[in-house]
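Working notes, beginning with the structure itself.
Just so we're clear, the structure is a prediction, and the values are computed from it rather than from any experiment. Because only heavy atoms are used, hydrogens play no part in the values below, and waters and symmetry mates are left out as well, while side chains stay in.
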Amino acid sequence: MTPPVPAQPPVSALPPAPRHAWLERLQLTQFRNYASARFDVMPAPVVIVGPNGAGKTNLLEAVSLLSPGQGLRRVGYAEMARLGGDGSWSVAMTVHNGDQRYGIGTGVESEAAARGATGRSVRIDGEPAASSALAEIVEVLWLTPAMDGLFTASAGERRRFFDRLIASIDPSHRRRVAQFERAMRQRNKLLEQPRARPAEFSGLELQMAETGTAMAAARRQTVATLEHTIAVRAGRDPTSPFPWAGIAVRGLLEDHLADAAAVEVEDAYRQRLAAERDRDRAAGRTLSGPHLADLVVTHGPKLMPAHLSSTGEQKALLINLVLAHAELVAAERMRPLLLLDEITAHLDDARRAALFGEILATATQAWMTGTDRSAFAALEPHAQFLSPN
């Protein structure tokens, strides 16, 4: 059983991406367990093999800092510094995108660490830059063991996963989410003040309505484009060991947009926020909005909710979803870097072969880790093998 391809797909057929992003050099200084290390690679897939605790995931985390934000572990930057050091660390990388070559550096300087700074600095070709500028150069996607429980985790985990997915296609989505969350935090603080004036709420609620509706619209659009990509993939390989996923996003604004114009949804949400101030004040937080939406995933061939599927089926569904996402990013923007931590764990021979076949067919520079080199035997002639130390 394969999903039907929409009669009027929101994206065209998915040709090879005109731009191919890949990492050539990775240099670490006082980062995690690395005092100093350098790795030079080619565009081919990279396999990092070593025992547990050797620093394999640390290398992937360093590469993930090519994206805005806190990387694949989502931890504070202070945690990335090597134990016993002065709190400073740096990651330097050389990245190719098409025929362009960039030198990118990021880290925390010792002075910043000493004063407890919570951010990181970014330089592109030697010039200071905002981390958001990285999204214009390279896109990094990842799948880690911590994500294996995505379908049984909280709605917040799935929502953050989906919002990151959207941002890799539309980088401005990060700004929308940040603006909404900032306005909501300010409104929540006002709720604590019994003498706060209605006019103080109105401006924040208008901003929440505008950015929240834009967030919800972006989520619905991404569901449509990703559904099309999933359908194309399923039609291309109906017997894939990675089952196709049915996806939907459910939430107050997302559901309202199904049968109303954005301007109507905006106005209705603004009015709702105003009407619910007393209720929200009693709760101490905003109880309605896009910050409570959920990504609903089903096992397509079985028409079964993903959270009711077996552990193996959930992992296979997640891999297919990540591969479809990578294909969509390649079609819309650029061929991304793909970070796959301990990816062969719990995959049988058929699924390993299918995964490696997709990676090689798309010419993606995938960075993979594992403890057993024999699990990557099919990649021996095609990949670069690194030791973390």
Side-chain angles (χ1 to χ4, degrees), residues 6 8-11 68-69 130 132 135 154-191 196-229 246-297 321 325 328-329 332-333:
Q8 293 182 324
V11 293
S132 58
S154 67
E157 285 296 314
R158 286 186 294 277
R159 185 173 57 253
R160 284 187 287 271
F161 167 82
F162 194 55
D163 280 336
R164 288 196 300 272
L165 186 156
I166 297 168
S168 65
I169 302 165
D170 176 11
S172 62
H173 188 66
R174 292 186 182 94
R175 184 181 68 252
R176 297 185 200 109
V177 174
Q179 289 175 338
F180 176 85
E181 292 180 345
R182 182 166 56 249
M184 182 174 66
R185 285 194 300 270
Q186 293 172 340
R187 179 180 183 270
N188 288 345
K189 288 182 179 179
L190 277 182
L191 293 170
R197 292 170 296 148
E200 296 179 86
F201 283 97
S202 297
L204 293 173
E205 290 166 352
L206 176 61
Q207 186 176 2
M208 289 173 65
E210 291 174 346
T211 56
T213 302
M215 285 166 57
R219 289 169 178 168
R220 287 179 54 82
Q221 176 62 27
T222 302
V223 164
T225 55
L226 190 56
E227 278 184 326
H228 179 251
T229 305
I247 59 171
V249 63
R250 294 284 178 257
L252 174 70
L253 304 189
E254 291 80 4
D255 292 346
H256 195 180
L257 282 168
D259 54 17
V263 65
E264 297 175 39
V265 175
E266 259 184 48
D267 193 50
Y269 183 45
R270 180 182 55 78
Q271 292 180 38
R272 181 173 184 139
L273 287 170
E276 292 182 347
R277 288 172 193 165
D278 288 341
R279 186 186 74 153
D280 291 351
R281 181 177 289 110
R285 65 189 188 280
T286 301
L287 295 175
S288 300
H291 61 295
L292 300 174
D294 192 6
L295 175 68
V296 180
V297 181
L321 190 56
H325 175 205
L328 179 57
V329 172
E332 297 279 297
R333 299 185 62 232

Only one of Glu332, Arg176, Gln221 clears side-chain contact (heavy atoms from CB on, under 4.5 Å) with Asp170; which? Arg176
Heavy atoms only: give me the nearest Arg250-Asp255 pair and the separation to one decimal. CD-OD1, 3.7 Å
Donor-acceptor pairs are to be reported for all side-chain atoms of residues 285-296 against protein atoms at under 3.5 Å, with residues two or more places apart or in another chain.
from, atom 1, to, atom 2, distance (Å)
Arg285, NH1, Ala283, O, 3.4
Thr286, OG1, Arg187, NH1, 2.9
Thr286, OG1, Asn188, OD1, 2.8
Ser288, OG, Arg272, NE, 3.3
Ser288, OG, Glu276, OE1, 2.9
Ser288, OG, Arg279, NH2, 3.1
His291, NE2, Thr286, O, 2.9
Asp294, OD1, Arg158, NE, 2.8
Asp294, OD1, Arg158, NH2, 3.4
Asp294, OD2, Arg158, NH2, 3.1

Out of curiosity, Arg174 CZ to Arg164 CZ, how far, rounded to the nearest 0.5 Å? 10.0 Å
If you measure from the Lys or Arg side-chain nitrogens to the Asp or Glu carboxylate oxygens, is any gap between Arg270 and Asp267 under 4.0 Å? yes
Using a strict threshold of under 4.0 Å (side-chain N to carboxylate O), is an ion pair present between Arg219 and Asp163? yes
Return the minimal non-hydrogen interatomic distance between Leu253 and Ala216, and the atom names on each side. CB-CB, 3.7 Å
Spacing of Leu204 atom CG and Phe180 atom CZ [to the nearest 0.5 Å]: 11.0 Å
Before giving the answer on side chain to side chain contact (heavy atoms under 4.5 Å, CB included), spell out for Ile247 and Leu321 the whole-Å C-alpha distance, their side-chain angles and the decisive distance to 0.1 Å. CA-CA 9 Å; Ile247 59 171; Leu321 190 56; 4.2 Å; yes
Give me the atom names and distance for the closest heavy-atom approach of Arg160 to Glu157. NH2-OE2, 2.9 Å
Restricting to side-chain hydrogen bond (donor to acceptor under 3.5 Å, both in side chains), what partner residues turn up for Ser168, sequence neighbours left out? His325
Rounded to the nearest 0.5 Å, how far does NE2 of His228 lie from OG1 of Thr225? 10.0 Å
The reported gap from CG in Asp280 to CG in Leu190 (rounded to nearest 0.5 angstrom) is 12.0 Å
Take Gln179 and Arg175 through the test side chain to side chain contact (heavy atoms under 4.5 Å, CB included) and record every step on the way to the result. CA-CA 6 Å; Gln179 289 175 338; Arg175 184 181 68 252; 3.7 Å; yes
State, to 0.1 Å, how close Phe201 and Ala196 come at their nearest heavy-atom pair, and which atoms those are. CE1-CB, 3.7 Å
Please round to the nearest 0.5 Å and tell me the distance separating atom CE of Met208 and atom CE of Met184. 6.0 Å
Full working for side chain to side chain contact (heavy atoms under 4.5 Å, CB included) between Phe162 and Leu165: CA-CA 5 Å; Phe162 194 55; Leu165 186 156; 4.1 Å; yes
So CD of Gln186 and CZ of Arg182: to nearest 0.5 Å the spacing works out to 7.0 Å
Looking at His256 and Ala268, what are the two nearest heavy atoms and their distance? CE1-CB, 3.8 Å
